[in-house]
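Let me begin by presenting the structure, written as structure tokens, before commenting on it.
Just follow the structure's listing: the first ligand is 1, and inside any ligand the first atom is 1. For the numbers below, each heavy atom of this structure counts, side chains included, while hydrogens, waters and symmetry mates do not.
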Amino acid sequence: MSEIIPPLSKDLKRVLINEDAIAKRVSELAAEINEKYKDIEEPLILVGVLKGSFIFMADLVRHLTIPHVVDFIAISSYGRKGAERGEVRLLMDTRENLSGHHVLIVEDILDSGNTLNYLITAFKARGTKSVETAVFLDKPERHQIPVDIQFMGFEIPDVWVVGYGLDYKERHRTLPYIAEMIPEK
Ligand code: IMP
Ligand code: MG
């Protein structure tokens, strides 16, 4: 029986990464995380960056076999241009005290690098045991600051993508696949 695929929304160009490819890659990343943290003594604190990371986080943690705690933060980057200028502001902090813990930041996409650079620096200043990053997508062509990513899902070209948590003005965030937008005229 052939799979029934609903038609793409008119403002989307094509599917870049389908559901099966996402599921396979996320379970591979979880296996890498399970291996890396297998000997830690207290739970790993995963900190998701809202809103974009919420679906990646939900899928990732269901494959984890190590002790872990899920937490979230919200940041404002003053829009994409603001993020490019390095303007990042914390809107909602973690509930957990990160001091003395191994922390894994869970983020939707690495673009300029400003968001992750800000968070890694801020979390290290809190006396964490370690701060690493799991990022679902990477746009290497757009990097402005070097950021060390330990667990990376997929590299993509410099196009605006939506779905699997990522949005365009809050649209298409809950699509189960990653799609490329047709740029607005
Ligand atoms: P940064 O430039 O690495 O700080 O990333 C800033 C933020 O821009 C990311 O966390 C995403 O929320 C957002 N972003 C960057 N590229 C895209 C995209 O293609 N689709 C949706 N959101 C994006
Ligand atoms: Mg984001």
Run down the list I145, D108, D158, V88 and name the one with the heavy atom closest to atom 12 (O) of ligand 1.
-> D108

Return the option from V161, D111, I109 holding the heavy atom at the smallest distance from atom 13 (C) of ligand 1.
-> I109

Check if G113 has a non-hydrogen atom at a distance under 4.0 Å from any atom of ligand 1.
-> yes

Relative to ligand 1, is E107 under 4.0 angstrom through side chain, backbone, both or neither, heavy atoms considered?
-> side chain

Quick note on ligand 1: atoms under 4.0 Å from a heavy atom of L166 include exactly 20 (N), 21 (C), 22 (N)

Winner among I75, L110, T115 once heavy atoms are compared against atom 7 (C) of ligand 1 = T115

Cluster link L90 to F123, ILVMFWY, side chain under 4.5 Å | yes

Check the pair F136 / Y164 against ring pair (Phe, Tyr, Trp, His ring centres under 6.0 Å), numbers first and verdict last.
-> CA-CA 10 Å; F136 183 63; Y164 202 66; 4.6 Å; yes

Numbered atoms and elements of ligand 1 in range of S112, under 4.0 angstrom, heavy atoms = 1 (P), 2 (O), 3 (O), 4 (O)

Neighbour count >12 (heavy atoms, 6.0 Å) for atom CZ, R95 = no

What residues form a salt bridge (Lys or Arg N to Asp or Glu O under 4.0 Å) with E155, not counting sequence neighbours?
-> none

Of all the heavy atoms in V159, does at least one lie under 4.0 Å from an atom in ligand 1?
-> yes

For E41, which residues count as a side-chain hydrogen bond (donor to acceptor under 3.5 Å, both in side chains) partner, sequence neighbours excluded?
-> none

Should V70 and M92 be regarded as members of a common hydrophobic cluster, given that ILVMFWY residues are connected when their side-chain heavy atoms come within less than 4.5 Å of each other, either directly or indirectly?
-> yes

Would you say D167 touches ligand 1, if touching means a heavy atom closer than 4.0 Å?
-> yes

Will you find, in the side chains of S27 and H63, an N or O donor that is under 3.5 Å from an N or O acceptor?
-> no

Answer yes or no for K139: is there a heavy-atom contact with ligand 1 below 4.0 Å?
-> yes

Check if M181 has a non-hydrogen atom at a distance under 4.0 Å from any atom of ligand 1.
-> no

Backbone of I182 reached by a side-chain donor or acceptor of W160 within 3.5 Å = no

